[in-house]
Amino acid sequence: MSLTTTPPPGGADATRAALAWTHTARFLTTASRLDQLPAHELPEIAFVGRSNAGKSTAINTLAQQRQLAFASKTPGRTQHINLFEVGPRETPQALWADLPGYGYAAVARASKLRWQEVMADYLRVRRNLAGVVQMVDSRHGFTDLDRQLLSFVAPRVVNGEVKLLVLLTKADKLNRKEQAESLRRAQEVLGELSTEESDIGITLFSALKRQGVGDAAEILQQWALGAMVLPDFTPPPAAEPDDEPAAGRA
């Protein structure tokens with residue numbers, strides 16, 4: 001699938017079901033290094049975004065929980081990967097990975113570099129990674145930092161290994177003309193990654209007005225259920241043909 005800005009075609013019932021699914025999100029664990037993340041077979045969906053782009057707010061809005069994702073009073077100071085389970089408690093269907101915000105000037109340079117390396121490694125090599133949700137402030141578009149982070153996962157997006165959804169956050173702060181221009185500029189950037197194999201979506205998003213929330217929920221649910229590995233089906237062995245016709249058989 002190539003770049004698309006259209007909402008999923010499921011309709012109101014599908015949107016309600018998807019929102020009910022995202023509302024099941026619950027905290028699982030936190031890690032400061034990749035080797036501390038648990039081993040599992042579930043698909044992971046990573047949430048990434050520049051500090052102050054509204055990442056924590058978007059996660060909390062999708063989950064309909066005020067403090068599921070922690071937003072530090074000092075942006076950029078949250079330096080852990082937080083994992084959340086989604087789906088039935090007994091049989092979770094996906095994990096959300098909340099990666100630290102990037103690019104905040106008040107964070108020490110050494111800390112910035114360490115977390116850039118952690119995020120780059122996660123996006124490049126994490127085996128379970130099925131999709132990335134990147135938050136981009138709709139008022140500013142893709143900054144150099146946004147492009148840099150996108151470059152970490154770009155090869156896996158281009159070949160279709162990892163899906164990408166860009167949420168243009170804080171869309172309520174723009175008028176209709178400005179929203180259209182924000183979409184157009186973002187499409188130009190993402191068009192560079194669009195191939196026959198890639199699955200890239202983009203939508204305007206406002207936690208305040210709940211714009212794009214249902215669309216994002218549907219996409220995330222589709223990603224998770226589509227990435228689940230189902231048990232192999234082994235058909236029963238074919239019946240051996242009879243050597244002689246059975247009695248009464250025509």
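Remember, it's a predicted structure, so these values are computed and weren't measured experimentally.
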M135 CE to N52 CG distance, which is reported to the nearest 0.5 Å: 13.0 Å
Exercise: identify the closest heavy-atom pair between A14 and E218: CB-OE1, 3.7 Å
Sequence neighbours excluded, which residues qualify as side chain to side chain donor-acceptor pair (under 3.5 Å) partners of S138? none
Of all heavy-atom pairs linking R156 and L123, the shortest is NH1-O, 3.0 Å
As an exercise, state the distance from CZ of R26 to CZ of R89, rounded to the nearest 0.5 Å. 5.0 Å
With heavy-atom distances below 4.5 Å as the criterion, would you say the side chains of V132 and V157 are in contact? no
What residues, two or more places apart in sequence or in another chain, satisfy side chain to side chain donor-acceptor pair (under 3.5 Å) together with Q134? Y102
For L83 and A97, the nearest pair of non-hydrogen atoms, with its separation, is CD2-CB, 3.6 Å
Rounded distance [0.5 Å steps], OG1 in T22 versus CD in Q221: 8.5 Å
Report yes if the side chains of Q211 and Q179 come closer than 4.5 Å at any heavy-atom pair, otherwise no. yes
Contacts of H140 meeting side chain to side chain donor-acceptor pair (under 3.5 Å) (sequence neighbours excluded), chain-then-number -> none
Between L150 and V166, is any pair of side-chain heavy atoms under 4.5 Å apart? no
Could you go through L190 and L164, starting from their C-alpha distance and side-chain angles, then the distance that decides it, and tell me whether this counts as side-chain contact (heavy atoms from CB on, under 4.5 Å)? CA-CA 10 Å; L190 297 174; L164 174 66; 3.9 Å; yes
Roughly how far apart are I200 CD1 and E192 CD, rounded to 0.5 Å? 10.5 Å
ILVMFWY network linking F142 to L174, side-chain heavy atoms under 4.5 angstrom: no
With a 4.5 Å heavy-atom cut-off, do D137 and T143 have their side chains touching? no
Just so I know, are the side chains of S182 and R139 near enough to count as touching, which here means a heavy-atom distance under 4.5 Å? no
If you measure from CD on E188 to CG on L183, what distance do you get to the nearest 0.5 Å? 12.0 Å
Return yes if a side-chain donor-acceptor contact under 3.5 Å exists between T57 and N60, otherwise no. no
Salt-bridge contact D13-R16 (side-chain N to carboxylate O under 4.0 Å): yes
Please find the pair of heavy atoms, one from A63 and one from A25, that lie closest to each other, and give the distance. CB-CB, 4.0 Å
Salt bridge (charged side-chain N to carboxylate O under 4.0 Å, His left out) involving R33 - partner list, sequence neighbours excluded: D35
Can you name the closest pair of heavy atoms from A171 and S206 and give their distance? N-CB, 4.3 Å
F152, L34: one ILVMFWY side-chain cluster at the under-4.5 Å cut-off? yes
Please, which pairs that meet ring pair (Phe, Tyr, Trp, His ring centres under 6.0 Å) have at least one residue in residues 180-219, sequence neighbours excluded? none
Between S194 and G191, is there a donor-acceptor pair closer than 3.5 Å when you use the side chain of the first and the backbone of the second? no
If you define the side chain from C-beta out and look only at heavy atoms, does anything of I202 sit under 4.5 Å from L168? yes
When you check the gap from the basic side-chain N to the acidic O, do R127 and E161 get nearer than 4.0 Å? no
I need the minimum non-hydrogen distance between V86 and W21, along with the two atoms involved. CG1-O, 3.4 Å
Carefully, step by step, assess E181 and R184 under the rule salt bridge (Lys or Arg N to Asp or Glu O under 4.0 Å). CA-CA 5 Å; E181 177 61 15; R184 186 193 66 77; 2.6 Å; yes
Does a side-chain heavy-atom distance below 4.5 Å link F84 with Q65? no
Mind jotting down which residue pairs meet the ring pair (Phe, Tyr, Trp, His ring centres under 6.0 Å) criterion with at least one end in residues 30-56? Sequence neighbours excluded, please. F47-W96
When rounded to the nearest 0.5 angstrom, what is the spacing between CG in L165 and CD1 in I45? 9.5 Å
Answer yes or no: does atom CG of N175 have more than 12 heavy-atom neighbours from other residues, nucleotides or ligands under 6.0 Å? yes
Please tell me if the side chains of L95 and N128 come closer than 4.5 Å, counting only heavy atoms from C-beta onward. no
